[in-house]
Q: 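Please read through the structure below; I'll follow up with questions.
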Amino acid sequence: MKSVLITGSTQGIGKALAIAFVKAGYQVCVHCSKDLEKAERVRAEIGAHQAVVCDLSNMDEVNELYQKTGAVDCLILNASVQYKEFWQDITDETFDKQFTINVKSTFKLMQAYYPAMQEKGFGRIVTIGSVNQYRNHSELSVYSATKCAVMKFVEIIAKQVAPFGVTVNNVSPGAIATPRNESVYNDEEKRKAVEKCIPMGRFGTPEDCVGAVLMLCSEQGNYITGTDIIIDGGMRL
C-alpha cells in the first residue's frame with residue numbers, strides 16, 4: 001500500500017484529494033496548520049491513516065514534520081496562503097508570510113522527503129500552483145510570484161531526481177469553489193464577473209482537481225515529470 005502526505009488537507013482541494021487517495025487505497029496523512037482536533041476529525045471522517053499539525057510558517061515545525069510522518073511515497077504540497085493587496089500596499093509581514101509558507105516550506109519539505117524516495121527508487125512530488133502563474137491579477141502580485149517560484153523549483157529539481165525514479169510536477173487550478181474563494185463565489189455579482197473570464201462558464205470544484213493529481217501519483221504518471229497541468233476551465237486563455 002502506497003502512502004501520501006497532503007498538506008492543507010482539512011478543506012478545499014486538499015480535502016478532496018485526501019478523500020480520493022483514501023478511496024484509491026493509499027495510506028493518507030491529513031495535515032492541518034494548527035488545529036489537531038480538526039485534522040483528527042477529518043482523518044476519522046474520511047478513513048485516513050494519520051493526522052498531523054505543522055505550522056508551515058515556522059521552520060522548526062517544518063523541519064520536524066518528517067519525524068512525525070516518516071517516509072511517504074507521494075508528497076502533495078497543497079497548503080498555501082494568499083493575501084489580496086495592491087502592490088503598493090504590501091507589507092513586509094504579508095510578503096514574508098506568503099514566501100515562507102508557499103515557497104520556503106515547499107522547498108524544505110521536498111528536501112526532507114526526497115532522500116527516502118531516492119533510496120526506494122520511487123517517489124511522486126506534486127505541488128499545487130495557480131492559474132495566477134499565467135494571469136496578471138492586480139491584487140495577487142506576491143502570491144503569483146510565489147507560485148511561479150515553486151514552478152521553477154519543479155522544473156529544476158525534476159531533471160535532477162528523474163534518474164532515481166522520482167517525478168516532480170505541478171498542478172495549477174483556476175477559480176475553484178473553496179473556502180478561500182467563498183466571499184466571491186457566494187456573491188452572485190462577483191461570481192458572474194469571474195465566470196465571464198472562464199470559457200467553460202463556471203467555477204471549478206475541488207473534485208475537478210483530483211484526477212490529474214491521482215494520475216501523476218500513479219503508474220500512469222511514470223513518464224511525466226517537470227511539467228504543469230492547468231485545471232482552469234480555460235481561464236488562462
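Here the structure is a predicted model, which is why all the values come from computation and not from measurement.
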Q: Quick one: CG on Leu36 to NZ on Lys34, what's the gap to the nearest 0.5 Å?
A: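 One finds 14.5 Å between CG of Leu36 and NZ of Lys34.
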
Q: Ignoring hydrogens and geometry beyond distance, is a side-chain donor-acceptor pair present between Thr91 and Tyr83 at under 3.5 Å?
A: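 Thr91 vs Tyr83: no donor-acceptor pair found between side chains.
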
Q: Is the side chain of Ser130 donor-acceptor paired with the backbone N or O of Gln133 at a distance under 3.5 Å, no angle test?
A: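 Flag not set: sc Ser130 to bb Gln133 has no pair under 3.5 Å.
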
Q: Side-chain contact, heavy-atom cut-off 4.5 Å: Leu65 with Val52?
A: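 Yes, at least one pair of side-chain atoms sits under 4.5 Å.
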
Q: Work out which heavy atom in Val62 is nearest to a heavy atom in Ser105; give both atom names and the distance.
A: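 Shortest heavy-atom separation between Val62 and Ser105 comes out as CG2-CB, 4.1 Å.
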
Q: Thr10: what forms a side chain to side chain donor-acceptor pair (under 3.5 Å) with it, not counting sequence neighbours?
A: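 Thr10 satisfies side chain to side chain donor-acceptor pair (under 3.5 Å) with no residue once adjacent residues are dropped.
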
Q: Check Arg191 with Glu195, please: is the shortest side-chain N to carboxylate O separation under 4.0 Å?
A: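 Looking at Arg191 together with Glu195, the answer is yes, because their closest N to O distance falls below 4.0 Å.
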
Q: Might you confirm whether atom OH of Tyr185 has over 12 heavy atoms from other residues, nucleotides or ligands at distances under 6.0 Å?
A: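 Counting other residues, nucleotides and ligands, OH of Tyr185 stays at 12 neighbours or fewer.
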
Q: Pair Lys108, Asn63 - check side-chain contact (heavy atoms from CB on, under 4.5 Å), show working.
A: CA-CA 7 Å; Lys108 297 295 289 184; Asn63 291 332; 3.5 Å; yes

Q: Take atom CE in Met59; do more than 12 heavy atoms of anything else shown fall under 6.0 Å from it?
A: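 Counting neighbours around CE of Met59, more than 12 heavy atoms of other residues, nucleotides or ligands fall under 6.0 Å, so yes.
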
Q: Hydrophobic clustering (ILVMFWY, side-chain heavy atoms < 4.5 Å, transitive) - are Val81 and Val142 grouped together?
A: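 Linked, Val142 and Val81 end up in one cluster.
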
Q: Are more than 12 heavy atoms, taken from residues, nucleotides or ligands other than Glu189, located less than 6.0 Å from that residue's CD atom?
A: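 Result for CD/Glu189: open.
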
Q: What is the distance from atom CZ of Phe21 to atom CG of Leu5, rounded to the nearest 0.5 Å?
A: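 Taking CZ in Phe21 and CG in Leu5, the distance rounds to 11.0 Å.
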
Q: For Asp89, is the CG atom crowded, meaning more than 12 foreign heavy atoms sit under 6.0 Å from it?
A: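 For Asp89, atom CG is crowded (more than 12 foreign heavy atoms under 6.0 Å).
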
Q: Would you say Val72 and Val4 make side-chain contact, with heavy atoms under 4.5 Å?
A: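 No, too far: nothing below the 4.5 Å cut-off.
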
Q: Kindly indicate whether the side chain of Val30, heavy atoms from C-beta on, has any atom under 4.5 Å from the side chain of Lys15.
A: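 A side-chain contact is absent here, since even the closest heavy-atom pair is not under 4.5 Å.
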
Q: Is it possible for you to say whether Phe107 and Val154 belong to one hydrophobic cluster, with membership spreading through side-chain heavy-atom contacts below 4.5 Å?
A: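 Yes.
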
Q: To the nearest 0.5 Å, what is the distance between CD on Glu207 and CG on Leu17?
A: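 Between atom CD of Glu207 and atom CG of Leu17 there are 9.5 Å.
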
Q: Mind listing the closest non-hydrogen atom pair of Pro206 and Ala177 along with its distance?
A: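 For Pro206 and Ala177, the tightest heavy-atom pair comes out as CD-O, 3.6 Å.
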
Q: Any donor and acceptor pair, going by atom type alone, linking the side chain of Thr146 with main-chain N or O of Tyr143 inside 3.5 Å?
A: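 Yes, Thr146 side chain to Tyr143 backbone: donor-acceptor pair under 3.5 Å.
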
Q: Donor-acceptor pairs under 3.5 angstrom involving side-chain atoms of residues 116-126: please list them, not counting sequence neighbours.
A:
unit_1	atom_1	unit_2	atom_2	d
Gln118	OE1	Tyr114	OH	3.2
Lys120	NZ	Asp73	OD1	2.4
Arg124	NE	Leu216	O	3.0
Arg124	NH2	Ser218	O	3.3
Arg124	NH2	Asn222	OD1	2.4

Q: Check for me, please, whether Ile198 and Ile229 land in the same ILVMFWY cluster - side-chain distances under 4.5 Å, paths through other members count.
A: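 Ile198 does not cluster with Ile229.
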
Q: Which heavy-atom pair separates Ala79 from Leu56 by the least distance, and what is that distance?
A: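 Residues Ala79 and Leu56, closest heavy atoms: CB-CD1, 3.6 Å.
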
Q: Would you compute the distance between atom CD of Glu45 and atom CZ of Arg41 and round it to the nearest 0.5 angstrom?
A: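 Separation between the atoms: 8.5 Å.
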
Q: Look at atom NZ of Lys104 and say whether more than 12 heavy atoms of other residues, nucleotides or ligands are closer to it than 6.0 Å.
A: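 Not buried by this count: 12 neighbours or fewer within 6.0 Å.
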
Q: Keeping the roles fixed (side chain from Asn78, backbone from Ile128), state whether a donor-acceptor pair exists under 3.5 Å.
A: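 Absent.
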
Q: Can you name the nearest heavy-atom pair linking Ala20 to Leu214, along with the distance?
A: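 Residues Ala20 and Leu214, closest heavy atoms: CB-CD1, 4.0 Å.
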
Q: Just how far is it from atom CG of Asp55 to atom SG of Cys32, taken to the nearest 0.5 Å?
A: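 With rounding to 0.5 Å, CG (Asp55) is 10.0 Å from SG (Cys32).
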
Q: For Cys209 and Ile13, which heavy atoms make the closest approach, and how far apart are they?
A: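 The answer is SG-CD1, 4.0 Å.
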
Q: Treating Ser144 as the side-chain partner and Leu140 as the backbone partner, does any N or O pair qualify as donor plus acceptor under 3.5 Å?
A: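 Side chain of Ser144 to backbone of Leu140: a pair is present.
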
Q: Would you call Phe86 and Glu139 a side-chain contact if the rule is heavy atoms closer than 4.5 Å?
A: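 When only atoms from C-beta onward are counted, Glu139 and Phe86 do touch, with a gap below 4.5 Å.
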
Q: So, do Ser80 and Arg180 sit near enough that their side-chain heavy atoms are less than 4.5 Å apart?
A: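 A side-chain contact under 4.5 Å exists here.
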
Q: Given the rule in the salt bridge (charged side-chain N to carboxylate O under 4.0 Å, His left out) test, do Lys97 and Glu93 qualify, once you have shown the distances and angles that lead to the verdict?
A: CA-CA 6 Å; Lys97 191 167 185 180; Glu93 180 182 4; over 6 Å; no

Q: Does Thr227 use its side chain to pair, donor to acceptor, with the backbone of Asn169 at less than 3.5 Å?
A: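 The answer is no, because no donor-acceptor pair under 3.5 Å joins these two groups.
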
Q: Considering non-hydrogen atoms only, spot the tightest contact between Asp232 and Gly174 and give its length.
A: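 For Asp232 and Gly174, the tightest heavy-atom pair comes out as CB-CA, 3.7 Å.
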
Q: Any side-chain to backbone donor/acceptor pair from Asp208 onto Thr205? Under 3.5 Å, distance only.
A: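 Yes; at least one donor-acceptor contact below 3.5 Å.
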
Q: Does the side chain of His31 come within less than 4.5 Å of Thr69's, by heavy atoms?
A: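 Thr69 vs His31: side chains apart.
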
Q: Does some side-chain heavy atom of Met110 sit less than 4.5 Å from a side-chain heavy atom of Thr106?
A: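 With C-beta onward as the side chain, the pair touches.
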
Q: Quick one: does Thr127's side chain get under 4.5 Å of Phe153's, heavy atoms only?
A: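 The answer is no, as the side chains (C-beta and beyond) never meet within the 4.5 Å cut-off.
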
Q: In terms of hydrophobic clusters joined by side-chain contacts under 4.5 Å, are Met200 and Val184 together?
A: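 Yes; Val184 is reachable from Met200 via cluster members.
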
Q: Are any side-chain N or O atoms of Ser57 and backbone N or O atoms of Ile101, one a donor and one an acceptor, separated by less than 3.5 Å?
A: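 Here the side-chain-to-backbone pair does not exist.
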
Q: Quick one: NZ on Lys190 to OG on Ser183, what's the gap to the nearest 0.5 Å?
A: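 Result: 5.5 Å between the selected atoms.
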
Q: If only atom types and distance count, is the side chain of Gln27 paired as donor or acceptor with the main-chain N or O of His49 below 3.5 Å?
A: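 No, Gln27 side chain to His49 backbone: no donor-acceptor pair under 3.5 Å.
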
Q: Is it the case that one hydrophobic cluster holds both Ile6 and Val150, taking links as side-chain heavy atoms less than 4.5 Å apart, direct or via other members?
A: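 As far as the 4.5 Å side-chain criterion goes, Val150 and Ile6 are not connected within one cluster.
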
Q: Strictly distance-based, threshold 3.5 Å: is any side-chain N or O of Gln98 a donor or acceptor partner for the main-chain N or O of Ala145?
A: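 No.
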
